[in-house]
Peer 1: 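Pasting a structure here, questions to come.
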Amino acid sequence: MCSALKGSSVRQGEPQRRTDAGELGGEPPLIFRTKAQMVYEQLRDWIVRGKLQPGESVDQERLAGMLDVSRMPLRQALLRLESDRLIERQPHHTGIVTDLSVSDIDDIYGARSALEGLLAEKGAAVRDADLIAQLTETSAKMAEAVGSADNEGFVVLDRLFHMSLYKASGFPRTIEMFEQLRSAAERYMYYYAAGTSGAPLSLAEHEAILAAYRDGKPRLVRKLTEKHLMRSAAALRQLAARRLTNPAPSDRPRGASG
């Protein structure tokens with residue numbers, strides 16, 4: 001089992017506060033998460049960041065011990081991960097982390113290109129000086145992340161950049177679908193960030209999208225967004241195919257922390 005599990009635990013029963021302000025005296029409202037939810041979030045994070053490797057067996061007994069939970073919430077979390085297609089059951093195994101899939105990449109990124117192209121064009125049609133300033137600031141932070149080889153930070157900033165533009169579209173239903181697809185793609189994005197030197201190229205593509213928005217060219221913003229996604233998909237297909245034909249340790253995702 002992955003060494004990332006060592007020293008980790010999931011505790012239950014303590015309320016946590018949201019980061020947004022609440023209604024009582026300006027305090028953030030209390031929220032509660034079940035053990036199953038907390039275990040699900042932790043395991044999903046490990047899978048997405050490559051700390052639980054594709055093809056790795058899911059040892060329920062060891063996971064339960066490492067996470068300090070009973071088998072019931074663990075099973076509930078694993079069922080959700082199976083629904084997310086991050087874990088699959090195998091004969092004579094409790095389950096394994098699903099492998100990278102070329103067909104899954106085509107499915108996710110084909111849908112993302114269609115939806116995000118629309119959202120990008122509609123968002124860019126709204127002229128907003130504050131949004132331009134926000135995108136400019138985010139792009140600058142992405143450049144810093146590239147300079148410091150901060151893969152995790154780059155992925156987070158990438159989401160912020162696109163979501164900021166898409167929210168201007170005024171299409172909440174389409175944004176909701178985008179968020180679902182983005183969540184499904186997140187694992188591949190971390191794999192891409194750790195397995196390639198493509199961050200500078202991705203940064204240049206974001207800067208081109210921003211320049212087109214500044215110039216008032218929403219159709220170009222759409223075209224550049226679609227091209228950006230499909231270029232990423234092509235690189236991911238190569239990585240996935242390489243892993244499936246030669247799953248050497250150097251081809252495996254190392255996560256943002258290396």
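We're numbering straight along the sequence, starting at 1. The analysis underlying the following values was restricted to heavy atoms, covering all of them including side chains, and did not include hydrogens, waters or symmetry mates.
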Peer 1: Quick check: closest heavy atoms across L229 and S113, and the distance to 0.1 Å?
Peer 2: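 What the structure gives for the nearest pair is CD1-CA, 3.7 Å.
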Peer 1: With heavy-atom distances below 4.5 Å as the criterion, would you say the side chains of V69 and L63 are in contact?
Peer 2: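 No; the side chains remain at least 4.5 Å from each other.
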Peer 1: Mind listing the closest non-hydrogen atom pair of A125 and P218 along with its distance?
Peer 2: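 Where A125 meets P218 most closely, the heavy atoms are N-CB, 3.9 Å.
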Peer 1: Determine the minimum heavy-atom distance between A233 and I105, stating which atoms define it.
Peer 2: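 Shortest heavy-atom separation between A233 and I105 comes out as O-CG2, 3.8 Å.
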Peer 1: Looking at R182 and D158, does any basic side-chain N land under 4.0 Å from a carboxylate oxygen?
Peer 2: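 Yes, charged N to carboxylate O under 4.0 Å.
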Peer 1: Going only through I, L, V, M, F, W and Y residues with side-chain contacts under 4.5 Å, is there a path from M189 to V146?
Peer 2: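 No; V146 is not reachable from M189 via cluster members.
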Peer 1: Is there a side-chain contact (heavy atoms from CB on, under 4.5 Å) between R231 and H228? Walk through the geometry before answering.
Peer 2: CA-CA 5 Å; R231 194 272 310 161; H228 164 63; 4.2 Å; yes
Peer 1: To the nearest 0.5 Å, how far apart are CG in L160 and NZ in K141?
Peer 2: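 Output value for this atom pair is 8.0 Å.
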Peer 1: Could you list all the side-chain hydrogen bond (donor to acceptor under 3.5 Å, both in side chains) pairs where at least one residue sits in residues 71-80, not counting sequence neighbours?
Peer 2: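 For residues 71-80: Q37-R80.
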Peer 1: First locate atom CD of E116, then atom OH of Y109, and finally report the distance between them rounded to the nearest 0.5 Å.
Peer 2: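 One gets 8.5 Å once the value is rounded to the nearest 0.5 Å.
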Peer 1: As a quick check of understanding, evaluate side-chain contact (heavy atoms from CB on, under 4.5 Å) for Y213 and L220, giving each step before the final call.
Peer 2: CA-CA 8 Å; Y213 178 40; L220 180 57; over 6 Å; no
Peer 1: Could you measure the distance from the CZ atom of R62 to the CG atom of L67? Nearest 0.5 Å is fine.
Peer 2: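 These two atoms lie 11.5 Å from each other.
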Peer 1: To the nearest 0.5 Å, what is the distance between CE on M38 and CG on L43?
Peer 2: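 The CG atom of L43 is 12.0 Å from CE of M38, to the nearest 0.5 Å.
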Peer 1: Tell me if a side-chain donor or acceptor on D84 pairs with a main-chain N or O of L86 at a distance below 3.5 Å.
Peer 2: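 No, D84 side chain to L86 backbone: no donor-acceptor pair under 3.5 Å.
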Peer 1: On a heavy-atom basis, which atom in V97 and which in V58 lie closest, and how many Å separate them?
Peer 2: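 Reported closest heavy-atom pair: N-CG2, 4.3 Å.
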Peer 1: Would R159 and E179 count as a salt bridge (charged side-chain N to carboxylate O under 4.0 Å, His left out) if you check the C-alpha gap in whole Å, the side-chain angles of each, and the deciding distance to 0.1 Å?
Peer 2: CA-CA 10 Å; R159 183 187 187 283; E179 289 181 317; 3.4 Å; yes
Peer 1: Check whether any side-chain heavy atom of I175 sits under 4.5 Å from a side-chain heavy atom of M163, and report yes or no.
Peer 2: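 Side-chain contact under 4.5 Å: yes.
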Peer 1: Using a 4.5 Å cut-off on heavy atoms from C-beta on, say whether the side chain of S202 contacts that of F154.
Peer 2: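 F154 reaches S202 side chain to side chain.
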Peer 1: Test of understanding: with side-chain hydrogen bond (donor to acceptor under 3.5 Å, both in side chains), list the residues that count as partners of Q134, not counting sequence neighbours.
Peer 2: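 With sequence neighbours excluded, Q134 shows a side-chain hydrogen bond (donor to acceptor under 3.5 Å, both in side chains) to S164, given in chain and number order.
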Peer 1: Please check if M72 and M66 belong to a single hydrophobic cluster, counting links between Ile, Leu, Val, Met, Phe, Trp and Tyr side chain heavy atoms closer than 4.5 Å.
Peer 2: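 Per the 4.5 Å side-chain linkage, M72 and M66 are not co-clustered.
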Peer 1: Okay, side chain of D215, backbone of K217: is any donor-acceptor separation there less than 3.5 Å?
Peer 2: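 Flag not set: sc D215 to bb K217 has no pair under 3.5 Å.
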Peer 1: Indicate yes or no: at least one non-hydrogen side-chain atom of L78 is less than 4.5 angstrom from one of L81.
Peer 2: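 Of all side-chain heavy-atom pairs linking L81 with L78, at least one is under 4.5 Å.
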Peer 1: With T98 as reference, evaluate E82, R187, E88 under the side chain to side chain donor-acceptor pair (under 3.5 Å) test and give the passing residue.
Peer 2: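 It is R187, the one option of E82, R187, E88 that forms the side chain to side chain donor-acceptor pair (under 3.5 Å) with T98.
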Peer 1: Hey, are the side chains of T136 and R214 touching, using non-hydrogen atoms and a 4.5 Å cut-off?
Peer 2: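 In contact.
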Peer 1: Which pair of non-hydrogen atoms, one from A145 and one from G153, has the smallest distance, and what is that distance?
Peer 2: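 Closest heavy-atom pair between A145 and G153: CB-C, 4.4 Å.
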Peer 1: Do the side chains of F178 and V155 join up, straight or via other hydrophobic residues, at under 4.5 Å, putting them in one cluster?
Peer 2: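 Result: no, two separate clusters.
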Peer 1: Are Y190 and M142 joined in one hydrophobic group, where the rule is that I, L, V, M, F, W and Y side chains link up if heavy atoms are under 4.5 Å apart?
Peer 2: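 Not linked; separate clusters.
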Peer 1: Taking only residues two or more places apart in sequence, or in another chain, which ones meet F161 in a ring pair (Phe, Tyr, Trp, His ring centres under 6.0 Å)?
Peer 2: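 Per chain and number, F161 pairs via ring pair (Phe, Tyr, Trp, His ring centres under 6.0 Å) with H206.
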Peer 1: Could you state the interatomic distance from CG (L119) to CZ (R222), rounded to the nearest 0.5 Å?
Peer 2: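 With rounding to 0.5 Å, CG (L119) is 9.5 Å from CZ (R222).
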Peer 1: Can you check side-chain contact (heavy atoms from CB on, under 4.5 Å) on T225 and I209, steps first, answer last?
Peer 2: CA-CA 7 Å; T225 298; I209 291 170; 3.7 Å; yes
Peer 1: Could you go through E121 and R219, starting from their C-alpha distance and side-chain angles, then the distance that decides it, and tell me whether this counts as side-chain contact (heavy atoms from CB on, under 4.5 Å)?
Peer 2: CA-CA 6 Å; E121 181 178 7; R219 289 287 297 173; 2.8 Å; yes
Peer 1: Same cluster or not: are M230 and I108 linked, directly or through other Ile, Leu, Val, Met, Phe, Trp or Tyr residues, by side-chain heavy atoms under 4.5 angstrom apart?
Peer 2: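 Unlinked, M230 and I108 end up in two clusters.
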Peer 1: Between Y188 and S101, is there a donor-acceptor pair closer than 3.5 Å when you use the side chain of the first and the backbone of the second?
Peer 2: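 Side chain of Y188 to backbone of S101, a donor-acceptor pair under 3.5 Å: yes, one is there.
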Peer 1: Should R44 and E186 count as an ion pair when the cut-off is N to O under 4.0 Å?
Peer 2: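 Judged by the 4.0 Å cut-off on N to carboxylate O distance, R44 and E186 do form a salt bridge.
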Peer 1: Within the side chain of S169, is there an N or O that forms a donor-acceptor pair under 3.5 Å with the backbone of F171?
Peer 2: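 The answer is yes, because a donor-acceptor pair under 3.5 Å joins these two groups.
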Peer 1: Is any NZ, NE, NH1 or NH2 atom of the basic residue among E152 and R49 found under 4.0 Å from an Asp or Glu carboxylate oxygen of the other?
Peer 2: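 Yes, charged N to carboxylate O under 4.0 Å.
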Peer 1: Under 4.5 Å between any side-chain heavy atoms of S139 and L203, yes or no?
Peer 2: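 The answer is yes; the side chains approach within 4.5 Å.
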Peer 1: Quick one, L165 and V221 - any side-chain contact, counting heavy atoms below 4.5 Å?
Peer 2: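 In short, these two side chains touch, coming nearer than 4.5 Å.
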Peer 1: Report the distance from atom CD of E137 to atom CG of L157, rounding to the nearest 0.5 Å.
Peer 2: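 If I round to the nearest 0.5 Å, the distance is 9.5 Å.
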Peer 1: Using only atom types and a distance under 3.5 Å, with no angle test, would you say the side chain of E176 pairs donor to acceptor with the backbone of R173?
Peer 2: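 Pair absent, no side-chain N/O of E176 close to backbone of R173.
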Peer 1: So which of D106, D107, D104 actually passes salt bridge (Lys or Arg N to Asp or Glu O under 4.0 Å) with R237?
Peer 2: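 Going through the options one by one, the only one that passes is D106.
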